[in-house]
2 protein chains.
Amino acid sequence: MARAATTADTFNAVAEPRRREILDALAQRERPVNELVEILGLAQPHVSRHLRVLREVGAVDVRDEGRQRVYRLNPQALKPIHDWVASYQHLWEERFDLLEDVLEDLKEQEN
Amino acid sequence: MARAATTADTFNAVAEPRRREILDALAQRERPVNELVEILGLAQPHVSRHLRVLREVGAVDVRDEGRQRVYRLNPQALKPIHDWVASYQHLWEERFDLLEDVLEDLKEQEN
DNA sequence: AAATTATATACCCATATGGATATGCATTGG
DNA sequence: CCAATGCATATCCATATGGGTATATAATTT
């Protein structure tokens, strides 16, 4: 079956470095395709394909503006990812707390 | 060039639903492979391969325990992902604020 | 209407993937 | 020492991928 289709979910869509670059660029402001082509240094068809994937998972919206197509970030699409990682956050922070506790104990023993 | 190797970074490693399941299972407690096989309902070789990917990006650690290999979550590995999405958080929250503003305006107009 | 600009899509290719199955390799138990 | 257990690895396959290049489509300019 190979890997799940990239269009299936946001996790896959965002696993592509180029697509993260696109999102980063759109986080600053909305942009037409050719501006993204410039920024990424990729061929235009590839940018369009990445944009399509991002569209399909709802990470970006498009708007026709004359003969340009202006892409805009839809940040909400990233929330599921945020929620998932956030559920792990306390785990690495706990570990940090443990380290602090140990340092605290060492300090007390010194006195 | 096909997609970047899954072993390349944590984003790709975590893009696989099965691997997220593994991490979720390990978030509760460390587990030997056969326990993960049970939980995922996947063939053992596949679980081992997913574990290898997770190991290579540092998302899990292994420990030999008799003839078992006990896997443990390494939550820190997820921090880069957290940091990346977190940088977008204010964007979807801002939008929420805008919505609140609009509702506020509507309410005032009613009065 | 023709030429140009801005995108999207179609097709080709090499490669990476995940699942299936078979096998190798330790460690432990009899 | 041999069988059993617990994993890891190798090989095979169908499919999805991303990049390259060519082409289709739509809007604008001349």
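Note that the structure is a prediction, hence the values are computed from the model and not measured.
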> Under the ring-ring contact (aromatic ring centres under 6.0 Å, His included) definition, can you give me all pairs with a residue in residues 24-83 of chain A, not counting sequence neighbours?
A/His82-B/His82, A/His82-B/Trp92
> Restricting both atoms to N or O, compile the protein contacts to nucleotides 2-11 of chain D shorter than 3.5 Å, with distance only.
unit_1: D/dT5; atom_1: O4'; unit_2: B/Arg67; atom_2: NH1; d: 3.4
unit_1: D/dC7; atom_1: OP1; unit_2: B/Val33; atom_2: N; d: 3.2
unit_1: D/dC7; atom_1: OP2; unit_2: B/Asn34; atom_2: N; d: 2.8
unit_1: D/dA8; atom_1: OP1; unit_2: B/Arg69; atom_2: NE; d: 2.7
unit_1: D/dA8; atom_1: OP1; unit_2: B/Tyr71; atom_2: OH; d: 2.6
unit_1: D/dA8; atom_1: OP2; unit_2: B/Ser48; atom_2: OG; d: 2.6
unit_1: D/dA8; atom_1: N7; unit_2: B/Gln44; atom_2: NE2; d: 2.6
unit_1: D/dA8; atom_1: N6; unit_2: B/Gln44; atom_2: OE1; d: 3.3
unit_1: D/dT9; atom_1: OP2; unit_2: B/Arg52; atom_2: NH1; d: 3.4

> Rounded to whole angstrom units, what separation is found between the CG atom of A/Leu42 and the P atom of D/dG18?
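After rounding, the gap between these two atoms is 11 Å.
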> Nearest heavy atom decides the nucleotide; on that basis, is A/Asp64 or A/Arg18 closer to the 5' end of DNA chain D?
A/Arg18
> Return the value, rounded to whole Å, for the distance between atom CZ of B/Phe11 and atom P of C/dT17.
17 Å
> Without decimals, in angstroms, what is the distance between A/Arg63 CZ and C/dA6 P?
16 Å
> Got a sec, which residues hit salt bridge (charged side-chain N to carboxylate O under 4.0 Å, His left out) with B/Glu35, two or more places apart in sequence or on another chain?
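Partners of B/Glu35 by the salt bridge (charged side-chain N to carboxylate O under 4.0 Å, His left out) criterion, ordered by chain and then number, come out as B/Arg29, B/Arg31.
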> How long is the line joining CG of A/Asn12 and P of C/dT17, in whole Å?
12 Å
> How far does CD of B/Glu65 sit from CZ of B/Arg63, to the nearest 0.5 angstrom?
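Here the rounded value is 4.5 Å.
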> List for me each residue that meets salt bridge (charged side-chain N to carboxylate O under 4.0 Å, His left out) alongside B/Arg55, sequence neighbours excluded, and say none if there are none.
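If we apply the salt bridge (charged side-chain N to carboxylate O under 4.0 Å, His left out) test to B/Arg55, skipping adjacent residues, there are no hits.
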> Round to a whole Å and report the spacing from NE2 of A/His50 to C1' of C/dT7.
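Between C1' of C/dT7 and NE2 of A/His50: 15 Å.
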> For residues 10-34 of chain B, which residue pairs pass the ring-ring contact (aromatic ring centres under 6.0 Å, His included) check, not counting sequence neighbours?
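Every ring-ring contact (aromatic ring centres under 6.0 Å, His included) pair that includes a residue of residues 10-34 of chain B, provided the two are not neighbours, is B/Phe11-B/Trp84.
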> Separation of A/Arg31 atom CZ from C/dA6 atom P, in whole Å?
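For the pair A/Arg31 CZ and C/dA6 P, the rounded distance is 16 Å.
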> Can you name the salt bridge (charged side-chain N to carboxylate O under 4.0 Å, His left out) partners of B/Arg69, sequence neighbours left out?
B/Asp64
